[in-house]
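The residues of the chain are indexed from 1 along the displayed sequence.
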Amino acid sequence: MNDFFLSAFLVIDAILVAPFRWFANAQAGFFCGLAVLAVTSAVLGRACAAGVARVHRAKRERQDAEIKRHQDLSFSALAAKDRAVYLAANHLAQEAYGNSMALAAGRAAALIWPALLVLAWAGWRFAGVPLPLVGESAGPAVFFLPLYMAALWGVSRLGRAWRARRAARASPGA
């Protein structure tokens, strides 16, 4: 079993290190490799978050409807000056809101797990190696995190543009 995990790790390591070897210049290779991994992590994270959102859609809609129902009930009780009903409905609304936040946390975890995997790998792979511009005073996260945030922003913008173009094609007369 250990041989399987070692073999799998070596394959993953070879795949992840490949973009770092595209350039002969070490600094260019380092930045290219981190940029490729940042974009790949952003795309994979967005895809996973979309998958989790799709799986949780019905539950999220139920939670949102429950929040709205309990919130409306608490406002009605507040208007009727019924403190006990208000507190009970408000408590139920807060509980439903907490459940909704838990679903959102699942989507967030799905979004960032690829980046965390890359950061763990890069920390291991570049441990003790002086990095461009910072030497040994910082790790790869200093470079990866801004690239990853920019990649997430770019992937989000591309997704919005793609959905808008698809919606425009679906309704040409609108």
Side-chain angles (χ1 to χ4, degrees), residues 1-64 66-67 93-166:
M1 192 63 153
N2 287 338
D3 290 339
F4 169 76
F5 288 120
L6 178 61
S7 298
F9 177 77
L10 292 175
V11 168
I12 291 169
D13 180 56
I15 291 169
L16 293 177
V17 82
F20 290 87
R21 296 182 175 157
W22 289 349
F23 292 97
N25 181 316
Q27 288 182 347
F30 178 75
F31 287 114
C32 173
L34 281 183
V36 167
L37 291 180
V39 169
T40 304
S41 296
V43 169
L44 182 59
R46 285 281 178 191
C48 289
V52 168
R54 185 177 191 93
V55 168
H56 287 171
R57 182 180 304 152
K59 184 160 180 71
R60 192 177 66 240
E61 288 171 355
R62 280 194 312 269
Q63 288 296 327
D64 291 345
E66 189 175 335
I67 291 169
Q94 287 176 357
E95 187 176 311
Y97 185 72
N99 292 340
S100 179
M101 287 294 100
L103 293 175
R107 289 190 305 276
L111 180 67
I112 65 170
W113 77 264
L116 296 177
L117 181 71
V118 167
L119 279 174
W121 172 82
W124 167 80
R125 186 73 170 167
F126 296 107
V129 176
L131 299 177
L133 305 173
V134 295
E136 293 183 27
S137 65
V142 169
F143 301 104
F144 179 77
L145 290 176
L147 289 170
Y148 178 67
M149 288 187 284
L152 275 177
W153 178 80
V155 168
S156 174
R157 299 281 298 187
L158 286 173
R160 253 187 261 139
W162 179 75
R163 285 188 299 276
R165 190 173 301 133
R166 200 168 117 201

Peer 1: Once side chain to side chain contact (heavy atoms under 4.5 Å, CB included) is applied, do any residues pair with A93, and if so which ones, sequence neighbours excluded?
Peer 2: H70
Peer 1: Tell me every residue that passes side chain to side chain contact (heavy atoms under 4.5 Å, CB included) with A150, counting only those two or more places apart in sequence or in another chain.
Peer 2: none
Peer 1: Working to the nearest 0.5 angstrom, can you tell me the gap between F144 CZ and L147 CG?
Peer 2: 8.0 Å
Peer 1: Quick one: side chain to side chain contact (heavy atoms under 4.5 Å, CB included) partners of I67, sequence neighbours excluded?
Peer 2: D64, A96, Y97, S100
Peer 1: Within this structure, what is the NE2-CZ distance for the pair H56 and R62, rounded to the nearest 0.5 Å?
Peer 2: 10.5 Å
Peer 1: Which residue pairs pass the salt bridge (charged side-chain N to carboxylate O under 4.0 Å, His left out) test with at least one member in residues 122-132, sequence neighbours excluded?
Peer 2: D13-R125
Peer 1: Give the minimum heavy-atom separation between A141 and P146, together with the two atoms involved.
Peer 2: O-CD, 4.1 Å
Peer 1: For residues 32-43, please give each side-chain donor-acceptor pair under 3.5 Å, one per line with the distance, not counting sequence neighbours.
Peer 2:
unit_1	atom_1	unit_2	atom_2	d
T40	OG1	V36	O	2.7
S41	OG	L37	O	2.7

Peer 1: Quick check for you: to the nearest 0.5 Å, what is the distance between Q94 atom CD and M101 atom CE?
Peer 2: 13.0 Å
Peer 1: Looking at G123 and P140, what are the two nearest heavy atoms and their distance?
Peer 2: N-CG, 4.1 Å
Peer 1: Output every pair passing salt bridge (charged side-chain N to carboxylate O under 4.0 Å, His left out) with a member in residues 26-51, not counting sequence neighbours, ordered by first then second residue.
Peer 2: none
Peer 1: Give me each pair satisfying salt bridge (charged side-chain N to carboxylate O under 4.0 Å, His left out) with a member in residues 147-157, each pair once, sequence neighbours excluded.
Peer 2: none
Peer 1: Return the set of residues passing ring pair (Phe, Tyr, Trp, His ring centres under 6.0 Å) with F31 (not counting sequence neighbours), or none when no residue passes.
Peer 2: F143
Peer 1: Can you list everything that forms a side-chain hydrogen bond (donor to acceptor under 3.5 Å, both in side chains) with R160? Sequence neighbours excluded, please.
Peer 2: S156
Peer 1: Residues in ring pair (Phe, Tyr, Trp, His ring centres under 6.0 Å) with F23, at least two apart?
Peer 2: none
Peer 1: Any salt bridge (charged side-chain N to carboxylate O under 4.0 Å, His left out) involving residues 17-36? Give me the pairs, sequence neighbours left out, ordered by first then second residue.
Peer 2: none
Peer 1: Of all the heavy-atom pairs spanning L103 and Q63, show the shortest one and how long it is.
Peer 2: CD1-CG, 4.3 Å
Peer 1: Quick check for you: to the nearest 0.5 Å, what is the distance between L44 atom CG and L111 atom CG?
Peer 2: 10.0 Å
Peer 1: Suppose we screen for ring pair (Phe, Tyr, Trp, His ring centres under 6.0 Å). Which residues come up paired with F20, at least two apart in sequence or across chains?
Peer 2: W121, F126
Peer 1: Would you give the length of the straight line joining atom CZ of F5 to atom CG of L10, rounded to the nearest 0.5 angstrom?
Peer 2: 13.5 Å
